[in-house]
*Asks:* 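Pasting a structure below so you can have a look.
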Amino acid sequence: MPSKAATRSAELRRLIDDANHRYHVLDDPAIPDAEYDRLMRELEALEAQHPELATADSPTMRVGNAPSAKFATVRHAVPMLSLGNAFSDDEVREFVARIGKETGDESPAFSTEPKLDGLAISLRYEDGAFVRGATRGDGASGEDVTANLRTVKAIPLRLRGNKPPELLEVRGEVYMPRAAFEKYNDWALKNGAKALANPRNGAAGSLRQLDPRITAQRPLSFYAYALGETGGARLPPTHSRTLAWLRELGFPVSPLVDVASGVEGLLAYYRRIGEQRDGLAYDIDGVVYKLDRYDQQRAMGFVSRAPRWALAHKYPAQEEATVVESIEVNVGRTGAVTPWVQMVPVHVGGVMVGRATLHNADQIARLDVRVGDSVIVRRAGDVIPEVVRVIEERRPLDKRGRPLHPPYELPTQCPVCGSAVEREEGEVVARCTGGLFCAAQRKQALIHFASRRAMDVEGLGERFVEALVELDYVKSVADLYRLSVDDFLEMKRRADERDGTTPETVKAGKVASKWAENLVAAIDASRNTTLERLLFALGIRDVGESTAKTLARHFGALDPLMAADEEALVAVPDVGPIVAARIAHFFAEGHNREVIAALRSNGVHWPEGAPQRAADGPLAGMTVVLTGGLESMSRDQAGAKLEALGAKVSGSVSKKTGIVVAGEAAGSKLAKAQELGLEIWDEAKLLAFLQEHE
DNA sequence: TGGCCTCGAGTTCA
DNA sequence: CTCGAGGCCA
């Protein structure tokens, strides 16, 4: 009877071998890196505890996978190393302490670099000419991919300078920039080719093409970070100077490399790069610290395959695997039926993730997500999680080996009101046709109406709106203005009763009445508004903040807008035939006219004036984009001030943008502005300008 | 007609 | 933030 540990280690070995095969040989990974790492760590720990279980063919005994037969094998005279990993600050502390103790150097210098998520390769130059390039393989020998590497433009075919060393091997990372990866996948989708799983696999797959012409079409790039075998060259005494030398020889070296010392110095670098991570043009999975002085490196030596003088400090995984518990749908303000998955919560990129949206039926069809499926979730550039793909091998099957669940299909009837769900010709989103008959749409319409950027009713959050709608206190947004303190108290009592939540009701006497008074006061305050806010709040399809503002300016008052026909509406900038028809249709609807009349008779008012067609001021005709946080005011306030000076404030950066105001921690928009060579202001410049012109 | 450029709508977690 | 789609210009 095999022990529990023996059974588990055999299972782990099988899982890891499978994953390796999929990853290295088929270029089609099945599980995320983080999970692979975990399996590997578990197996390492098991084998450390039970040395008798460590078989010679265990995946822990090698670093990569045997090269495929398609390419010639190349032996690395100087092995290509793997690196020890750190996942916490403490592990970095131990690393620095160990080095301090053994070198006797209190504060040794480290060369610090981003750890690119690509493919490690070795380039061999003889008398200055590129003669051979190989993948890392298992570290001792890899595959000869010279012909493919020649197509990578970042790799010099000849070294610069007039006295090249006789022999030089340069190690570095081949990678695929994110933008290139996305572009390729767009193309693949349209042309029926297989999409790449991620940029790193894009790089790996491209290098393993047997036909270099295919590789040449893939936009690969390269950064150098180390030396291999050398001959006839006097080497610099430190790693950082080696990198500088490599630059002189014509190799691209990451501009993010730096030198730091002390635990705090290393951690500061880790955090600095971490902040930039999402805005970089390529994926990184950590940073690498390398003891800078070569004599100190030699003193530290190696443990098995990993140098003791270097450490890879990893960032939290951005991809994790989990299991789908159920697939649900939401009904939005416009009736849009949006499916989402409830998953077993997992830690991704530093937070627990339990839900992810599937956007629409197209995405469901593309992913083919079903209940019970194992899926990979990612928190990419932004905060919002998404399902990357299904791990098909783990789909639950019935006894006959068929999937337990059929492909998911959107409901044909609204789960809230039972009306038909329809998808318009050529549209991606399916919509509930119930209109305001649907409680979900009424609810969302009211939430939108009360939201900060619309009527700004403070304190009227989602929870109360839900109760107001469900208990029928509010049928249209105008009803909000008829509610009294007593109505709110009664509603709260009924809602608590219904939900069985008693605790709060006891103190309802005093505290709750205060709450209700505040809410009524907030609703009252919102009576005093502006035409653009009102127009936005009404929730006319395709009329958002920006269009509402243009309409308000163009017409100056509500009545002329309500009376305008489609022809008159199309004359408004940014309003075309489709939006014009929607607006005209909205105001032609009797119900909508009643709501507007009721709002007016309940005291909702706004200043009206003459139509304003073109803004003037020092920034007239200028498009300004605000990004990052400002110290002295909010972005909205700054935007309002800039608009008062005639600027058009927009949310996205393009060639047509005039000025980008970049505050604290500005991200991708600033990067894009720099790329396009736009005028960029910092906060001081903005304040100076406002002071001068206000 | 195609290719930007914008805007609108929906969205997750702490 | 990211998609989809409407508007506008070459």
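Numbered from 1 within each chain, the chains take letters A, B, ... in sequence-line order. None of the values given here were measured: they were computed from a predicted structure.
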*Asks:* Roughly, in whole Å, what's the span from CZ in Arg431(A) to P in dG8(B)?
*Replies:*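 It works out to 14 Å between those atoms.
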*Asks:* Val353(A) near the nucleic acid: base, sugar-phosphate alone, or nothing, with a heavy-atom cut-off under 4.0 Å?
*Replies:*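 Sugar-phosphate, no base atom in range.
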*Asks:* Report, one pair per line, the protein and nucleotides 6-10 of chain C atoms (nitrogen or oxygen only) whose separation is under 3.5 Å.
*Replies:*
residue, atom, partner, partner atom, Å
dG7(C), OP1, Gly576(A), N, 2.6
dG7(C), OP1, Gly576(A), O, 3.2
dG7(C), OP1, Val579(A), N, 3.1
dC8(C), OP1, Asp574(A), N, 2.8

*Asks:* Take atom CD of Glu386(A) and atom P of dC3(C), then tell me their distance rounded to the nearest Å.
*Replies:*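 Taking CD of Glu386(A) and P of dC3(C), I get 7 Å after rounding.
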*Asks:* Between Thr623(A) and Phe536(A), which residue's closest nucleotide on DNA chain B lies nearer the 5′ terminus?
*Replies:*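 Checking each residue's closest nucleotide, the 5'-ward one belongs to Thr623(A).
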*Asks:* Once side chain to side chain contact (heavy atoms under 4.5 Å, CB included) is applied, do any residues pair with Pro560(A), and if so which ones, sequence neighbours excluded?
*Replies:*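 Partners of Pro560(A) by the side chain to side chain contact (heavy atoms under 4.5 Å, CB included) criterion, ordered by chain and then number, come out as Phe555(A), Ala557(A).
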*Asks:* I need the full list of side-chain hydrogen bond (donor to acceptor under 3.5 Å, both in side chains) pairs touching residues 431-449 of chain A, with sequence neighbours left out, sorted by first then second residue.
*Replies:*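 Only Thr334(A)-Arg431(A), Glu427(A)-Arg431(A), Lys443(A)-Glu470(A) qualify under side-chain hydrogen bond (donor to acceptor under 3.5 Å, both in side chains).
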*Asks:* Rounding to an integer number of Å, can you tell me how far Leu358(A) CG sits from dT11(B) P?
*Replies:*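 So the CG-P distance, Leu358(A) to dT11(B), works out to 11 Å.
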*Asks:* Salt bridge between Arg355(A) and Glu325(A), side-chain N to carboxylate O under 4.0 Å?
*Replies:*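 Salt bridge between Arg355(A) and Glu325(A), a charged N being under 4.0 Å from a carboxylate O: no.
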*Asks:* Measure the distance from CZ on Arg453(A) to P on dG10(B) and round it to the nearest whole Å.
*Replies:*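 After rounding, the reported distance stands at 16 Å.
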*Asks:* Sort and list the pairs that fulfil side-chain hydrogen bond (donor to acceptor under 3.5 Å, both in side chains) and have at least one residue in residues 574-590 of chain A, not counting sequence neighbours.
*Replies:*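 Listed by first then second residue: Asp542(A)-Arg582(A).
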*Asks:* Can you tell me if the side-chain N/O atoms of Thr357(A) get under 4.0 Å from OP1 or OP2 in dG10(B)?
*Replies:*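 Negative; the distance criterion is not met.
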*Asks:* Test of understanding: with ring pair (Phe, Tyr, Trp, His ring centres under 6.0 Å), list the residues that count as partners of Phe689(A), not counting sequence neighbours.
*Replies:*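 Applying ring pair (Phe, Tyr, Trp, His ring centres under 6.0 Å) to Phe689(A) gives Trp681(A), His693(A).
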*Asks:* For Gln276(A), check side chain to side chain donor-acceptor pair (under 3.5 Å) against everything at least two apart and list the hits.
*Replies:*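 Expected list: none.
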*Asks:* Could you tell me whether the side chain of Asp373(A) and the main chain of Val369(A) form a donor-acceptor pair under 3.5 Å?
*Replies:*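 Checked: no pair found.
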*Asks:* Can you check the His448(A) NE2 to dG8(B) C1' distance for me, whole Å?
*Replies:*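 So the two atoms are 10 Å apart, to the nearest Å.
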*Asks:* Just the rounded figure in Å: distance from P of dC1(C) to CZ of Arg378(A).
*Replies:*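 Roughly 16 Å, once rounded to whole Å.
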*Asks:* Within this structure, what is the CG-to-P distance between Leu367(A) and dC3(C), rounded to whole angstrom?
*Replies:*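 Computing the Leu367(A):CG to dC3(C):P distance gives 12 Å.
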*Asks:* Residues of residues 325-348 of chain A with any non-hydrogen atom less than 4.0 angstrom from an atom of DNA chain B: list those, numerically ordered, please.
*Replies:*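 Going residue by residue through residues 325-348 of chain A, the ones with a heavy atom under 4.0 Å of DNA chain B turn out to be Asn330(A), Gly332(A), Arg333(A), Thr334(A), Ala336(A), Thr338(A).
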*Asks:* Going by atom type alone, with no hydrogens or angles, which donor-acceptor pairs under 3.5 Å involve a side-chain atom of residues 531-538 of chain A and a protein atom two or more places apart or on another chain?
*Replies:*
residue, atom, partner, partner atom, Å
Arg533(A), NH1, Arg452(A), O, 3.0
Arg533(A), NH1, Ala454(A), O, 2.5

*Asks:* List the residues meeting ring pair (Phe, Tyr, Trp, His ring centres under 6.0 Å) with Phe586(A), not counting sequence neighbours, and say none if there are none.
*Replies:*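 In terms of ring pair (Phe, Tyr, Trp, His ring centres under 6.0 Å), with neighbours along the sequence ignored, Phe586(A) is linked to no residue.
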